[in-house]
Amino acid sequence: MDPCTSTFASTNFIRTNPPDVDWKYGQGVSSTSEGREWLEGEGAGWKIVDPATENPSYLYQLLISGIVPRPIAFISSISPSGTANLAPFSWFNQVSANPPVISVSCSNGRNNLKDSTSNIKATGGFTVNIISEPWVTQANVCSVNAPHDVSEWPISGLTKEPSIYVKAPRVKESAFSMECEVFQMIDIIHPDTGRATTTLILGLIKYIHIRKDVLAENGTVDPARLKPISRLGDITYAGLGTGFRLARPSWENEEEAILDVLKGKT
């Protein structure tokens, strides 16, 4: 089947128990049948990749298939001449909560920067909009390699909503949007060629816009209601399937149990 015409059934987010609810300190992966099955896969051997000698195209495809899932920053920016740009980037994450900073990495062309990078560098502001499953097709079309003076907004069918702080609009259909100003822009320089291959953008969040219907009772975002989309390898997107909660151990509560295990291993 042509991957471009394949369809994915929309699935509801299901909360489950952790994979090993009976796990104890010091138990290895082989303590469960699923763990033993996972370890058996090592019998196929290992492939070692040296990035310094690998084909760059293959290395790119390998990394985006292995570093998964990746959240997507759907970036709205405006050029100095007024052209409004929309583009998705999956090299994106949170850097800090205090101050609230996010990161987006944009690969550079051989002779020029991507529109989003140029616009952000010139204007100092942008919005990051989280994509939800019901409108991922509209967002995906904005990955087209359109000329610099062509806006993706009209072809996307999405709606501009004015921002409070930055000039770039946010996407009205996004239930979680962030207005950002440039905190820092860092050129990633290739150690062999000296060329800036990528621009790392750090954005300071000035305002967050959250649709009330995606909020849980405690005021945080409910993933089942947000229905966020992530990126996998090649042209594959992914929705949420299952999720489980695992508490972070507290040394104050777990010190005795942990020390007992450590004593037994010495």
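Owing to the predicted nature of the structure, the values given are computational and were not obtained by experimental measurement.
Grouping the Ile, Leu, Val, Met, Phe, Trp and Tyr side chains by contacts below 4.5 angstrom, directly or via other members, places V128 with V221. Hydrophobic clustering of Ile, Leu, Val, Met, Phe, Trp and Tyr side chains at less than 4.5 Å, counting indirect connections, keeps L204 apart from I164. Following chains of ILVMFWY side-chain contacts shorter than 4.5 Å, one cannot reach L246 starting from F13, and the two form parts of different hydrophobic clusters. At a threshold of 4.5 Å between side-chain heavy atoms, the hydrophobic network of Ile, Leu, Val, Met, Phe, Trp and Tyr places F244 and L240 in two separate groups. Taking hydrophobic clusters as Ile, Leu, Val, Met, Phe, Trp and Tyr residues chained together by side-chain heavy-atom distances below 4.5 Å, L202 does not share a cluster with F74.
R245 CZ to T16 OG1: the interatomic distance, rounded to the nearest 0.5 Å, is 12.5 Å. With rounding to the nearest 0.5 angstrom, the CG atom of L158 is 6.0 Å from the SG atom of C142. Here the CD1-OG1 distance, from I205 to T127, works out to 12.0 Å after rounding to the nearest 0.5 Å. Rounded to the nearest 0.5 Å, atoms OG (S77) and CG (L86) are 8.0 Å apart. Rounding to the nearest 0.5 Å gives a distance of 12.0 Å between OG1 of T198 and CD1 of I186. Annotation: the span from K206 atom NZ to C180 atom SG amounts to 10.5 Å, rounded to 0.5 Å.
Using cut-offs of 30° and 60° on the angle between ring planes, the pair Y207 and H209 is tilted.
The closest side-chain donor-acceptor pair between N129 and S177 falls under 3.5 angstrom. In summary, the side chains of D260 and Y25 do not present any donor paired with an acceptor at a separation below 3.5 Å, with no hydrogens or angles considered. With hydrogens and angles left out, the side-chain atoms of S90 and R70 include a donor and acceptor closer than 3.5 Å. For the 3.5 Å distance criterion, the side chains of E152 and N85 qualify, holding a donor opposite an acceptor.
Of the possible polar contacts, none joining the T199 side chain to the D187 backbone as a donor-acceptor pair under 3.5 Å is found. The backbone N or O of R170 lies less than 3.5 Å from no partner atom in the side chain of K172, so there is not a single donor-acceptor pair. Side chain of S174 to main chain of F176: a donor-acceptor pair is present (N/O by atom type, distance under 3.5 Å, no hydrogens or angles). Q27 places a side-chain N or O within 3.5 Å of a backbone atom of K24 that can act as its donor or acceptor partner. Although no hydrogens or angles enter the test, the distance criterion places no donor-acceptor pair under 3.5 Å between the side chain of E181 and the main chain of G124. Listed for the R231 side chain is a donor-acceptor partner under 3.5 Å among the backbone atoms of T236.
A 4.5 Å side-chain heavy-atom check between N140 and Y237 finds at least one atom pair inside the cut-off. Side-chain contact check for K227 versus V214: every heavy-atom pair is 4.5 Å or farther apart. Counting heavy atoms from C-beta outward, L200 and S103 have side chains that approach closer than 4.5 Å. With a 4.5 Å cut-off on side-chain heavy atoms, S76 and P169 count as touching. In this structure the side chain of W46 reaches within 4.5 angstrom of the side chain of E42, judged on heavy atoms. Contact annotation: the side chain of S143 approaches that of P88 to within less than 4.5 Å [non-hydrogen atoms, C-beta and beyond].
With sequence neighbours excluded, the residues forming a salt bridge (Lys or Arg N to Asp or Glu O under 4.0 Å) with D222 are R15, R225, listed by chain and number. For the side chain to side chain contact (heavy atoms under 4.5 Å, CB included) test, residues two or more places apart in sequence or in another chain that qualify with L63 are L59, I67.
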Before giving the answer on side-chain contact (heavy atoms from CB on, under 4.5 Å), spell out for T117 and M185 the whole-Å C-alpha distance, their side-chain angles and the decisive distance to 0.1 Å.
-> CA-CA 9 Å; T117 306; M185 296 185 74; 4.0 Å; yes
Does the pair S118 and I120 meet the rule for a side-chain contact (heavy atoms from CB on, under 4.5 Å), with working shown?
-> CA-CA 6 Å; S118 296; I120 293 170; over 6 Å; no
Go through the steps for T197 and N108 under the test side-chain hydrogen bond (donor to acceptor under 3.5 Å, both in side chains), then give the verdict.
-> CA-CA 5 Å; T197 61; N108 301 330; over 6 Å; no
How far apart are the C-alpha atoms of I210 and L215, what are their side-chain angles, what is the distance that settles it, and do they pass the side-chain contact (heavy atoms from CB on, under 4.5 Å) test?
-> CA-CA 8 Å; I210 314 158; L215 292 175; 3.6 Å; yes
T32 vs R36, side-chain contact (heavy atoms from CB on, under 4.5 Å): CA-CA, chis, key distance, verdict | CA-CA 6 Å; T32 66; R36 289 189 291 274; 5.6 Å; no
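Nearest heavy-atom pair, W135 versus I130, reported as atom, atom and distance to 0.1 Å: CZ2-O, 3.3 Å. Of all heavy-atom pairs spanning P80 and N119, the tightest one is CD-OD1, 4.3 Å. Between T83 and V150 the shortest heavy-atom distance is CG2-C, 4.2 Å. Nearest heavy atom pair, residue S151 against residue A84, reads OG-O, 2.6 Å. Nearest heavy-atom pair across I72 and F92 is C-CD2, 3.5 Å. Minimum interatomic distance between S156 and V141 (heavy atoms only, all atoms of both residues): CA-CG1, 3.8 Å.
Put simply, the residue from F126, F89, W91, F183 that forms a side chain to side chain contact (heavy atoms under 4.5 Å, CB included) with I201 is F126.
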